Amino acid sequence: MQALSKAKVGENYTIQWLFGLPEVVEFLHRHHVEEGGSVQVIQKLSNGLIIGANGERFAMGNEIADRIQV
C-alpha cells in the first residue's frame with residue numbers, strides 16, 4: 001500500500017482507505033473516490049496531482065492525496 005501522492009502517472013489504482021476532514025471525504029465520495037473504487041493518476045503537479053475517477057477528472061493537493069492509500 002502507498003499514498004496516492006506517490007503513485008505513478010498513467011496507472012490505475014484501487015483505493016484501500018482514505019481519511020480526512022468530513023467535508024473533504026464527502027466531496028471525494030460525491031465524485032466516486034471511495035474505498036474499493038478505482039482511480040487513475042493523470043498527471044503529477046508540483047503540489048498535487050490530477051486524477052480520473054468514473055469519467056470525471058479533478059486536481060487535488062498532495063495534502064489530500066497523502067491521506068488516500070492505494
Side-chain angles (χ1 to χ4, degrees):
M1 225 176 351
Q2 66 180 340
L4 184 59
S5 60
K6 307 294 184 210
K8 293 181 182 178
V9 173
E11 297 290 324
N12 290 313
Y13 294 93
T14 300
I15 297 173
Q16 302 300 317
W17 56 263
L18 60 88
F19 68 95
L21 295 172
E23 302 85 31
V24 174
V25 173
E26 181 182 325
F27 173 86
L28 293 172
H29 286 170
R30 279 196 320 262
H31 293 282
H32 311 286
V33 177
E34 53 198 358
E35 293 86 353
S38 178
V39 296
Q40 180 182 24
V41 178
I42 307 294
Q43 183 177 0
K44 288 210 173 187
L45 308 169
S46 60
N47 293 325
L49 47 101
I50 298 173
I51 65 166
N54 199 33
E56 297 182 34
R57 292 182 179 186
F58 57 93
M60 69 172 62
N62 284 332
E63 64 278 358
I64 304 286
D66 286 340
R67 293 184 170 102
I68 301 173
Q69 294 290 309
V70 294

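Computed from a predicted model, the values in this text were never measured in an experiment. Residue numbers count from 1 along this sequence.
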Considering all heavy atoms of both residues, which atom of Ala65 and which atom of Leu49 are nearest to each other, and what is their separation?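 Shortest heavy-atom contact: CB-CD2, 4.0 Å.
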Lys6 versus Lys44, closest heavy-atom pair with distance: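 What the structure gives for the nearest pair is C-NZ, 3.7 Å.
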For residues 17-35, tabulate all N or O donor-acceptor pairs below 3.5 Å that involve a side-chain atom, not counting sequence neighbours.
unit_1: Glu26; atom_1: OE2; unit_2: Arg30; atom_2: NH1; d: 3.1
unit_1: His31; atom_1: ND1; unit_2: Glu56; atom_2: OE1; d: 2.6
unit_1: His32; atom_1: NE2; unit_2: Asn54; atom_2: ND2; d: 3.3

Do the side chains of [X] and [Y] join up, straight or via other hydrophobic residues, at under 4.5 Å, putting them in one cluster?
X: Ile42; Y: Ile68; value: no
X: Val39; Y: Val9; value: yes
X: Phe58; Y: Ile64; value: yes

Interatomic distance, [X] atom [atom1] to [Y] atom [atom2] [nearest 0.5 angstrom]:
X: Tyr13; Y: Lys8; atom1: OH; atom2: NZ; value: 6.5 Å
X: Gln40; Y: Arg57; atom1: CD; atom2: CZ; value: 7.0 Å
X: Ser46; Y: Asn62; atom1: OG; atom2: CG; value: 8.5 Å

Could you give me the CA-CA distance, side-chain angles and deciding distance for Gln2 and Val70, then say whether side-chain contact (heavy atoms from CB on, under 4.5 Å) is met? CA-CA 6 Å; Gln2 66 180 340; Val70 294; 3.9 Å; yes
Please examine the side chains of Met60 and Ile51, heavy atoms only from C-beta on, and report whether any two atoms are closer than 4.5 Å.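 Side chain of Ile51 against side chain of Met60, heavy atoms only: contact under 4.5 Å found.
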Starting from the C-alpha separation in whole Å, work towards a yes-or-no answer on side chain to side chain donor-acceptor pair (under 3.5 Å) for Ser38 and Asn12. CA-CA 7 Å; Ser38 178; Asn12 290 313; 4.8 Å; no
More than 12 non-hydrogen atoms from neighbouring residues, nucleotides or ligands closer than 6.0 Å to CG on Asn47, yes or no?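 No, not enclosed.
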Any residue meeting side chain to side chain contact (heavy atoms under 4.5 Å, CB included) with Ala59, in chain and number order, not counting sequence neighbours: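 Here the qualifying residues are Ile50.
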